[in-house]
Number of protein chains: 2
Amino acid sequence: MSLLDIRKMRILQAIVDDYIMTAAPVGSRTVSKRSDMGLSPATIRNEMSDLTELGFLEQPHTSAGRIPSEKAYRLYVNHIMDSAKLTDDEADYIKRHLDTRVHEVGEVIRQTAKVLSDMTNYTSMVLVPQLSSMKIKRISLIPVSDGTAMAVVVTNTGVTKNAMIRIPESLSPDDVEKIAKLITAKLDGHRLNEAIESVLPTIRAEIGEQADAVSEMLEDIEKSMNETDVEVVGASNILDYPEYSDAAKARQFLAEVESGSYLQKVLTDASDVEMSVRIGTENDNPDMKDCSVVTVTYKAGGKNIGTMGVVGPTRMDYGKVMAILKYLSSSLSDILNKLLK
Amino acid sequence: MSLLDIRKMRILQAIVDDYIMTAAPVGSRTVSKRSDMGLSPATIRNEMSDLTELGFLEQPHTSAGRIPSEKAYRLYVNHIMDSAKLTDDEADYIKRHLDTRVHEVGEVIRQTAKVLSDMTNYTSMVLVPQLSSMKIKRISLIPVSDGTAMAVVVTNTGVTKNAMIRIPESLSPDDVEKIAKLITAKLDGHRLNEAIESVLPTIRAEIGEQADAVSEMLEDIEKSMNETDVEVVGASNILDYPEYSDAAKARQFLAEVESGSYLQKVLTDASDVEMSVRIGTENDNPDMKDCSVVTVTYKAGGKNIGTMGVVGPTRMDYGKVMAILKYLSSSLSDILNKLLK
DNA sequence: TGTTAGCACTCACTTCCCTCGAGTGCTAAC
DNA sequence: GTTAGCACTCGAGGGAAGTGAGTGCTAACA
């Protein structure tokens, strides 16, 4: 796509900026005043006409102003937008509300989601750190009742996850403890999903009869480790935006958010891109065709271990959101780095 | 409050029934037709006029029909309502969707909340079983990193809860294990909150130097055991009701639900009443003044261990909701009884 | 050749007004 | 005590007219 000439760019920017603020179609007069380019409305009109033809602007009806198309937002995000810096107030807000003394990962994640949603006034979501990329440090099994036990997996980074698993009823608590020790010894330092197959034979050699049971238990554990949890906050923020004043539309959005499955998918899909923006129909989900999703990854120990993001109307303040996400990502990474040493 | 005469009751019932269905003010003609009492609209009008004077009905404006007041709903719930039975279809639905083979309490709770919300089309909430009323069977401590450990509390009923706690950095994993064994031995069979004080001295006697640390750990554990988790499902259902078509009102409701604190309070407050109904301003929360909350307790081992409920507009189908809650409560109790043996 | 003033035109939105009808309360008759 | 009859109320729905923000086109200007 060959880019537009500078003047068209600036006009488009003025339109998008204005529309993001007001949600109302933007007219040539407004652009002429707002953008200090010293051009008359008539000139702007000509340019706007061109931009419409090129697919960057849309007209709700003949005598209304123009609104940006998805294509315009895309261009805006990629090439036009002032990549806004946080104001001092905003940076301050984050510092004050991200309590670095918290000692539990889950709590940090919840706080982050809250701050993200409060600052942007959109719906925020944070994927809790993914264990699959980490190395096992310890697996504990705690007998809960006949036939069930809780497995707690601790990784080298200090992230934990627990799962209820089934165990043979015949196992005594001592057996369970023995098995946990054995598993820990074998898996210590490995990634769970990679290690299971390679480790099973040696387990089988050491405790022949119970090997099948152990194998099933490991499968249970692996399955639940692959489940990703996502913290979603501020879903009701969407009702602040006029494009969702229609109850049916709002309901659809909220139901989709509540189910969480799509958001989870987006977050996991974006787990290897530092920052991603999906605008409108770029979400391959018809329920989200009027939304944009911006995500960013966060790290610990130099590796991506999770993703967080924001969902809002396509008319989103991309600059601000991206700046906040960037800052929050590094804050969160710092906290986790310290927390998980 | 002296009750109304039977005819007034039946008329009020007809009005409430109709209003619950339609959300539109009910006129005398409608009542005359709907209630097969063989009375003319004029007669009904006289009675309705009385009911208005008595505070059971309200008139949005002179030439509209009447709508029930809170007082009317209260009377309706206490004395008038047909305590509806579930249809076979509904009972069936519950049986099919409450998977009795699930082996984890949390999963059962989530399922129950989903079923409750789907069947009523209101917002449902289920308090996870409260540990405070149960006896400890085992407390495990799993070292996570220097200074932190995960505590897993298992009760005699098989309900579990875990918490991240701080531990002295000097403790070795072996020390931690020893402490866990000690705590378990001392607390086994007791309720945590009751036992701590009485048990601490003996702990102090056995491991003098680390007793302070252990005491702090127990406090951490107790604190997190008292935190109640609540599963909320179907918040967006509220948008199906015309009384919440106003975005600002919907937003207020959803924000309140999302924060969860009020719902949690209601559920814990209601934990010793088999079934409770709060109508409108009976909720001492201005944000909930147009909502009703119906709750029911569920049991395991013959004791109340949790609460669940439904939030919706005051114009709620109380009969249906209460029938569903009753049935679900006993289903859930059954499942938990089996699950927790 | 690009820019701009001027102008006719479009069209959603608001306001006003009218009608319609569901509903009420009152009165008088049964 | 019940009901038919009737005048009255008032919100909802539906044009009609006016308003104004905005457009596209044309012609003139630098």
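Order of the sequence lines sets the chain letters (A, B, ...), proteins ahead of strands, with each chain counted from 1.
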Heavy-atom protein contacts under 4.0 Å, nucleotides 10-24 of chain C, coded B base, S sugar-phosphate only, - none: BBS---------BSB
A:V233 and A:L116: CA distance, side-chain angles, deciding distance, side-chain contact (heavy atoms from CB on, under 4.5 Å) verdict: CA-CA 9 Å; A:V233 174; A:L116 182 50; over 6 Å; no
Would the distance check show the side chain of [X] and the main-chain N or O of [Y] forming a donor-acceptor pair, the cut-off being under 3.5 Å?
X: A:S69; Y: A:G55; result: yes
X: A:R66; Y: A:Q59; result: no
X: B:T314; Y: B:I279; result: no
X: A:K71; Y: A:L54; result: yes
X: B:Y122; Y: B:D317; result: yes

Produce the list of close N/O pairs, under 3.5 Å, pairing protein atoms with atoms of nucleotides 28-30 of chain D; give distances to one decimal.
none

How long is the line joining [atom1] of [X] and [atom2] of [N], in whole Å?
X: A:E58; N: D:dG22; atom1: CD; atom2: C1'; result: 17 Å
X: A:M37; N: C:dG2; atom1: CE; atom2: P; result: 15 Å
X: A:I44; N: D:dA21; atom1: CD1; atom2: P; result: 18 Å
X: A:K33; N: C:dT4; atom1: NZ; atom2: C1'; result: 17 Å
X: B:R7; N: D:dT3; atom1: CZ; atom2: P; result: 8 Å
X: B:E47; N: D:dT3; atom1: CD; atom2: C1'; result: 13 Å

Distance-only donor-acceptor check, side chains A:S49 and A:T52, under 3.5 Å: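 Distance-only check fails for A:S49 and A:T52.
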Counting Watson-Crick and G-U wobble pairs only, both distances under 3.5 Å, name the nucleotide matched with [N], or none.
N: D:dA21; answer: C:dT10
N: C:dA28; answer: D:dT3
N: C:dC20; answer: D:dG11

pair A:D269-A:R278: side-chain heavy atoms closer than 4.5 Å: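 Sidechains of A:R278 and A:D269: in contact.
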Note, A:V277 side chain near A:R74 side chain (heavy atom, < 4.5 Å):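 With C-beta onward as the side chain, the pair touches.
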Ring geometry between A:Y73 and A:Y318 (parallel below 30°, tilted from 30 to 60°, perpendicular above 60°):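 Judged by the thresholds at 30° and 60°, the geometry between A:Y318 and A:Y73 is tilted.
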Verdict with supporting geometry, B:K289 and B:N283, side-chain contact (heavy atoms from CB on, under 4.5 Å): CA-CA 7 Å; B:K289 74 178 177 7; B:N283 294 294; over 6 Å; no
OP1 or OP2 of C:dT3 under 4.0 Å from side-chain N/O of A:S40: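 Checking C:dT3 against A:S40, no side-chain N or O comes under 4.0 Å of OP1 or OP2.
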Scan nucleotides 27-29 of chain C against the protein and return all N/O pairs shorter than 3.5 Å with their distances rounded to 0.1 Å.
none

